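Heads up: the structure comes next, in structure tokens.
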There are 2 protein chains.
Amino acid sequence: MERKRSDRIADALEGLIFDGTFADGDRLDEVQLATRFSVSRTPIREALHRLSQSGLVVQIPRRGVFVRQPGPVELIEMFEVMAELEAVSARLAAARISETALADLHATNERCKHAVEAQDTDGYYQENEQFHAIIYRQSGNSFLEQECLRLQRRLQPFRRVQLRVRGRMNQSMAEHEDVVAAIEAADGARAAEAIRRHVSVQGEKFHHLMANLKPAAE
Amino acid sequence: MERKRSDRIADALEGLIFDGTFADGDRLDEVQLATRFSVSRTPIREALHRLSQSGLVVQIPRRGVFVRQPGPVELIEMFEVMAELEAVSARLAAARISETALADLHATNERCKHAVEAQDTDGYYQENEQFHAIIYRQSGNSFLEQECLRLQRRLQPFRRVQLRVRGRMNQSMAEHEDVVAAIEAADGARAAEAIRRHVSVQGEKFHHLMANLKPAAE
DNA sequence: TCAAGGTGTTTTGTATACAAGAATGACAAT
DNA sequence: ATTGTCATTCTTGTATACAAAACACCTTGA
């Protein structure tokens with residue numbers, strides 16, 4: 001399945017926004033981007049349109065599109081929703097998970113553990129993502145799965161920063177154990193509660209982190 | 001705030017899909033639509049792009065865009081997610097709702113009741129939407145509010161059909177009472193459970209309804 | 001007869017040209 | 001000096017023109 005140029009450009013722009021090349025409030029000039037990517041304005045406009053739908057930029061008619069990074073308040077709100085969606089997933093998964101998927105969950109969690117022991121932040125990040133993805137899928141509700149993946153993707157850059165906080169990986173790991181145990185026991189309520197804490201703690205810690213990083217960023 | 005033509009076209013197309021002018025699986029021809037709306041292909045393409053992001057159509061690269069109505073399974077999944085999102089809203093709202101908003105909720109519910117007594121389906125539909133919107137807002141989480149409104153909008157045409165089922169309005173009304181009582185009592189868990197039932201019953205009843213309507217549609 | 005390949009047509013994707021609205025700056029009037 | 005208006009210029013929105021990929025049909029060979 002071949003993707004079109006405008007899709008690749010959208011991805012590239014996403015990256016440029018995430019890595020700070022385009023800061024919050026910046027206007028994204030169509031002709032500038034067109035020359036930068038060596039294409040015409042048309043695919044640029046399609047890419048920007050896609051980004052606006054996913055919420056990364058806001059499009060003001062006849063004025064242009066502007067980068068719109070979520071502020072602290074909105075971020076906390078998003079983490080809250082993420083926590084709830086994951087809680088639902090976990091609750092459903094506890095009731096519906098298959099044996100093979102459960103084994104998979106264990107295996108992935110083991111890989112997480114090894115990454116922690118090796119202090120491999122990137123590795124842990126990947127395995128952690130996989131861990132959550134398994135739970136989404138085992139909710140047995142593919143629409144829910146899609147929604148979870150969408151939001152996870154949106155919060156990705158903020159989660160990533162998180163893991164560098166000292167001790168966060170170990171704590172995260174411990175929370176995983178709770179989740180797995182609850183799911184294995186088919187205790188939906190406990191699984192939901194465990195993962196809710198696991199995710200929402202990230203939101204809470206985040207504005208802590210922001211406060212510490214803000215001076216460095218200026 | 002003036003909207004651009006492509007936005008109006010997107011809305012129009014949405015309507016045409018909802019009212020059945022374009023059925024599931026139909027290909028939406030760009031030039032055909034362009035002549036129909038008396039515009040060039042460009043705004044048509046932008047409109048189709050928007051619809052594809054919102055999930056109403058699916059875009060296959062180099063092949064065209066096709067109407068993609070959710071099947072029974074996906075619909076039930078979507079209602080399940082809707083129920084959970086509303087449950088979260090209700091739980092949070094029970095803790096966070098303001099006095100004036102609570103009064104508003106009561107007033108709206110009263111208007112619902114009058115609509116039921118008058119057998120005014122359309123009126124009930126509108127007030128019911130308002131009722132739910134108040135709860136979303138009073139969750140105190142505007143991101144959650146947006147997500148709820150988005151999904152509500154997506155399920156709108158299916159909900160609408162529902163109300164025509166005999167006795168559904170009365171049952172719906174009774175469920176509202178439960179929700180209001182629980183929120184007023186600041187009992188988050190009960191409010192969540194009440195609204196979860198209120199919404200998910202729609203999903204369950206829906207494929208019943210589908211089975212009955214299918215022959216008539218053919 | 002059927003399959004395989006090629007050609008022509010149709011349709012999407014991209015580039016460019018044109019139109020219209022908004023920002024900027026200068027100038028005039030108070 | 002400040003404010004309001006007008007014109008220039010820049011940017012977005014739309015139309016059209018072009019390129020390339022997919023589809024359909026036809027021909028040709030076994």
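Every chain is numbered from 1, with letters handed out A, B, ... down the list of sequences. Not measured: the values here are computed from a predicted model.
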Flag side-chain contact, heavy atom, 4.5 Å: B:Gln69 against B:Phe22: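 When only atoms from C-beta onward are counted, B:Phe22 and B:Gln69 do not touch, as no gap falls below 4.5 Å.
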Validation row: B:Arg154, B:Leu56 side chains within 4.5 angstrom (heavy atoms):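 Yes, close enough: below the 4.5 Å cut-off.
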Donor on one side chain, acceptor on other, A:Ser139 and A:Glu145, under 3.5 Å: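 No pair is found: no donor N or O on one side chain lies under 3.5 Å from an acceptor on the other.
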Of all pairs that satisfy ring-ring contact (aromatic ring centres under 6.0 Å, His included), the ones with a partner from residues 127-149 of chain B, not counting sequence neighbours: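 Sorted result for residues 127-149 of chain B: B:Phe131-B:His176, B:His132-B:His176, B:His132-B:His198.
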Matching residue for B:Pro43 among B:Leu33, B:Asp7, B:Ile9 - test: side chain to side chain contact (heavy atoms under 4.5 Å, CB included):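 When side chain to side chain contact (heavy atoms under 4.5 Å, CB included) is applied between B:Pro43 and each of B:Leu33, B:Asp7, B:Ile9, only B:Ile9 qualifies.
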Sub-4.0 Å heavy-atom contacts from residues 47-57 of chain B onto DNA chain C, ordered by number: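 Per residue number, the list is empty: none.
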Crowding at CZ, B:Arg96 (>12 non-hydrogen neighbours, <6.0 Å):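 Yes - once you tally the heavy atoms of other residues, nucleotides and ligands closer than 6.0 Å, there are more than 12.
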Annotated protein contacts, base or backbone, on nucleotides 11-19 of chain C with a non-hydrogen cut-off under 4.0 Å, one of B, S, - each: SBBBBBB--
Side chain to side chain donor-acceptor pair (under 3.5 Å), paired with B:Arg111, selected from B:Gln130, B:His106, B:Glu127: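 Of the listed residues B:Gln130, B:His106, B:Glu127, the side chain to side chain donor-acceptor pair (under 3.5 Å) partner of B:Arg111 is B:Glu127.
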